[in-house]
Amino acid sequence: MAIPYLRRLTAVSRSPQANRHLAYILTFTAGAVNAGGFLAVQQYTSHMSGIVSMMADHLALGGVIVVLQGLAALLSFLAGAASSAFLINFGRRSHLTSEYAMPLLYEAVLLLGFGLLGANLETLRWFYVPGTVMLLCYIMGLQNAMITKLSRSEIRTTHVTGMVTDIGIELGKLFYWNVAQGDPASMQPVRADRSKLVVLTVLVSLFFVGGVTGAYSFFNFGFGSTVPLALVLMVLAAVPIVDDIRSLLPRM
């Protein structure tokens, strides 16, 4: 039962349930990486709005070094998103069943390497801080682009501002008082999408829970706290990648 379920989570043919379940896992992961990264380098790495605002503030105040650091983080997030799109399109053009699994496996490898090597890098503070920020921003861009393409732009795992905005919109619909005005026959009643409201609330909650978990784990276990996250992502990606390897072997 587990293998068919894992295969459906990253299958090429998508279902709303598979999109939701995968998004739940990735949103928790994003929250954990974002909060753990803050403890490591005192900067959130999924919040591009904050980074761009920081660049603007320091440019006005003459802080060129901070502006360049922010630009590096922004470009890293952008490169991660571009890499995800490249891998997905490569998989699609090659007719692979792992077109969505490849970015997940790539993210897992990066997190695993970060977890295993991060403690050694800490001795090189001049390289460690900017390098960590750029790596984590790259990972966040990679993941966000993957779930965006997979869900046809319906779900994002790091964009909490957008999710909270959508929750507010649905709440406005939910509590709207449908009083007939004008011609009742031409007026459609305002109805909230309750299932969307539940999904968005769960996603924001999981980002928060992931953040608490990531902060606690990093505080107590350091860089090694990313290793379990990497292993989970590897498990998610494994089945379709193994399927592709099996299908390619007879051709060799």
For residues [X] and [Y], report the shortest heavy-atom separation together with the two atoms involved.
{"X": "Ala35", "Y": "Gly211", "result": "CB-O, 3.1 Å"}
{"X": "Leu9", "Y": "Ala18", "result": "CD2-O, 3.9 Å"}
{"X": "Ala101", "Y": "Pro240", "result": "CB-CG, 3.5 Å"}
{"X": "Ile88", "Y": "Met146", "result": "CD1-CA, 4.0 Å"}
{"X": "Leu236", "Y": "Thr10", "result": "O-OG1, 3.8 Å"}
{"X": "Leu136", "Y": "Gly37", "result": "CD1-CA, 3.6 Å"}

Review point. Roughly how far, to the nearest 0.5 Å, is the OG1 atom of Thr157 from the CZ atom of Phe207?
Key: 8.5 Å
Review point. Once you round to the nearest 0.5 Å, how far does CD of Gln43 lie from CE of Met54?
Key: 5.0 Å
Is the shortest side-chain heavy-atom distance between [X] and [Y] below 4.5 Å?
{"X": "Leu104", "Y": "Leu26", "answer": "yes"}
{"X": "Phe77", "Y": "Met134", "answer": "no"}
{"X": "Leu197", "Y": "Leu171", "answer": "yes"}
{"X": "Met48", "Y": "Leu74", "answer": "yes"}

Quick check: does any side chain N or O of [X] sit under 3.5 Å from a backbone N or O of [Y], one acting as donor and the other as acceptor?
{"X": "Asn34", "Y": "Thr45", "answer": "yes"}
{"X": "Ser84", "Y": "Leu142", "answer": "yes"}
{"X": "Arg14", "Y": "Ala11", "answer": "yes"}
{"X": "Ser151", "Y": "Ile155", "answer": "yes"}

Practice item. Classify the angle between the aromatic ring planes of Phe218 and Phe223 as parallel (below 30°), tilted (30 to 60°) or perpendicular (above 60°). Key: perpendicular
Exercise for review: For Phe38, look at atom CZ and say whether over 12 heavy atoms of other residues, nucleotides or ligands are found less than 6.0 Å away.
Suggested key: yes
Practice item. Please test Asn144 against Arg156 for side-chain hydrogen bond (donor to acceptor under 3.5 Å, both in side chains), starting from the C-alpha separation and ending with a verdict. Key: CA-CA 6 Å; Asn144 207 37; Arg156 288 177 172 85; 5.3 Å; no
